[in-house]
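On a predicted model such as this, the values are computed, not experimentally measured, just so you know. Counting begins at 1 with the first residue of the sequence.
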Amino acid sequence: MRNFKKILLRILLIFAFLCIVNKGGRFLYDTPENMAGYAIRDIKENKGEVDTLLLGTSLMHWGVNGQTLEEKIGGTVYNLATSAQSIRSSYYLLKDQTDINPIKRVFMGIHAISLINDTDGYIAIREGIYDRIQSPLNKLSYMLETAEPREYEQYLFFPTRVKDVLDVERVKDTVKYKLGEEYKKNESPKDEELIYQGMGDENTSVEYDGSFDDERLGDDAIWNRDNIIQENVYYLEKLSALCQEKNIQLNFVVVPPTWEFTKLMGDLEDFHQYLLGYCEEYGADLYDFNEYEGIYDYLTDDCYQDKKHLNTKGAKVLAGLLGDWYLKEQ
């Protein structure tokens with residue numbers, strides 16, 4: 001028993017040391033350009049207060065301004081949508097948030113690619129999800145489910161992600177910034193086009209110039225029921241079941257790309273019907289802005305940053321429309 005206690009103590013000391021090294025490495029090398037740093041800090045600082053979540057891919061992340069939505073519907077809204085977020089990742093983020101926040105509503109961004117594409121293949125994307133998960137047990141579950149054993153080190157220890165450890169100027173600039181007032185206010189100093197706005201919201205004032213080259217999308221981007229990946233459906237059902245278990249209102253949101261881009265995405269009316277059927281089966285609500293009358297009278301080219309993603313102006317416009325539509329349905 002005495003030997004066991006000694007071994008356990010040593011393991012705990014090693015674990016504590018590694019945690020300190022990990023946190024120190026992130027402080028030294030996680031630059032201001034990485035908006036995830038601000039987002040993660042806001043998750044921690046608002047623990048126990050968030051009752052409304054935004055989840056989904058970059059279309060949702062850039063497409064709905066959480067603070068504008070909050071002004072419309074009340075509560076405390078946090079934008080947890082991320083680039084190429086898979087449905088599996090959305091499920092784990094929601095599961096984690098229900099452990100630390102009194103979640104009442106979820107607005108889940110969903111589009112054709114969400115169901116017919118596998119976006120879990122990129123470790124940088126998965127690390128962004130892993131870093132936002134707060135519970136060690138949820139982190140471990142997510143890592144074991146999504147990563148190869150050779151990737152565990154990158155998940156667990158931020159310093160192993162650093163490519164140029166000897167870049168002294170980078171360290172000096174990062175530390176100087178993090179000790180200053182700008183960092184405390186979540187103000188990123190180096191990229192004026194991309195601004196962190198708080199509570200997970202970030203966006204740009206860059207405006208789409210309206211140009212559109214002819215292009216063809218691959219089968220993994222064009223809606224076709226035959227191309228649905230069953231694992232995506234499995235996790236969508238798990239996410240829906242979790243909402244039912246926790247008495248969380250689940251709302252699906254389809255954020256519209258530019259009109260020209262939607263014409264490349266296949267039969268979106270059939271996609272709409274598929275979502276309606278799913279919502280009826282699982283008791284969710286659908287806000288499909290591809291079906292919203294006159295949507296492009298509201299979302300003009302100056303509301304987009306490119307042919308797919310809204311900018312700051314567009315995200316506020318769409319959040320206002322979503323808030324009004326949501327309140328009308330209550």
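Two residues are said to be in side-chain contact when any heavy atoms from C-beta on lie closer than 4.5 Å; I248 and R105 fail this criterion. Considering only heavy atoms from C-beta on, L250 comes within 4.5 Å of S240 through its side chain. Side-chain atoms of L156 and M143, non-hydrogen and from C-beta on, do get closer than 4.5 Å to each other. Side-chain atoms of L242 and L94, non-hydrogen and from C-beta on, do get closer than 4.5 Å to each other. Under the 4.5 Å side-chain criterion, counting only non-hydrogen atoms from C-beta, I129 is in contact with L93.
Taking CE from M265 and NZ from K308, the interatomic distance works out to 9.0 Å, rounded to the nearest 0.5 Å. Remark: I73 CD1 to W325 CH2 distance equals 14.5 Å, nearest 0.5 Å. Here the OG1-CD distance, from T68 to Q197, works out to 8.5 Å after rounding to the nearest 0.5 Å. Taking CD of E207 as the reference point, atom OG1 of T312 lies at 10.5 Å (rounded to 0.5 Å).
Y326 and F107 have their aromatic ring centers within a separation under 6.0 angstrom. Taking the six-membered ring for Trp and the full ring otherwise, the centers of Y130 and Y142 sit at least 6.0 Å from each other.
With hydrogens and angles ignored, the 3.5 Å screen pairs no side-chain donor or acceptor of Y155 with any backbone N or O of F158. In this structure, D201 contributes its side chain and Y196 its backbone to no donor-acceptor pair below 3.5 Å.
Using a 3.5 Å distance cut-off with no hydrogens or angles, the side chains of D99 and N138 do pair a donor with an acceptor. Using a 3.5 Å distance cut-off with no hydrogens or angles, the side chains of N311 and N203 do not pair a donor with an acceptor. Side-chain N/O atoms of H61 and S83 include no donor and acceptor closer than 3.5 Å. A side-chain N or O of Q85 and one of T82 form a donor-acceptor pair less than 3.5 Å apart. When only modelled atom types and interatomic distance are considered, Q154 and T160 share no side-chain donor-acceptor pair under 3.5 Å. Using modelled atom types, one finds no donor on one side chain facing an acceptor on the other under 3.5 Å when comparing Y91 with S86. For the residue pair Y296/T258, the side-chain donor-acceptor check at 3.5 Å is not satisfied. Under the 3.5 Å distance criterion, with hydrogens and angles disregarded, a donor-acceptor pair is assigned to the side chains of E269 and Q273. No side-chain N or O of E151 forms a donor-acceptor pair with one of T146 less than 3.5 Å apart.
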Step by step, would you call L299 with V317 a side-chain contact (heavy atoms from CB on, under 4.5 Å)?
-> CA-CA 7 Å; L299 297 178; V317 170; 3.9 Å; yes
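For the residue pair W223 and D270, the shortest heavy atom distance occurs at NE1-OD2, 2.9 Å.
With sequence neighbours left out, the ring-ring contact (aromatic ring centres under 6.0 Å, His included) criterion links Y304 to no other residue. Every residue meeting the side-chain contact (heavy atoms from CB on, under 4.5 Å) condition with D131, not counting sequence neighbours, appears here in chain and number order: R26, I40, R161.
We find that E260 and K307 are not joined by a salt bridge, their nearest charged nitrogen and carboxylate oxygen being 4.0 Å or further apart.
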Contacts table for residues 279-289: side-chain donor-acceptor under 3.5 angstrom, sequence neighbours left out:
residue	atom	partner	partner atom	Å
Y282	OH	E237	OE2	3.1
D288	OD1	N290	N	2.9
D288	OD2	H272	ND1	2.8

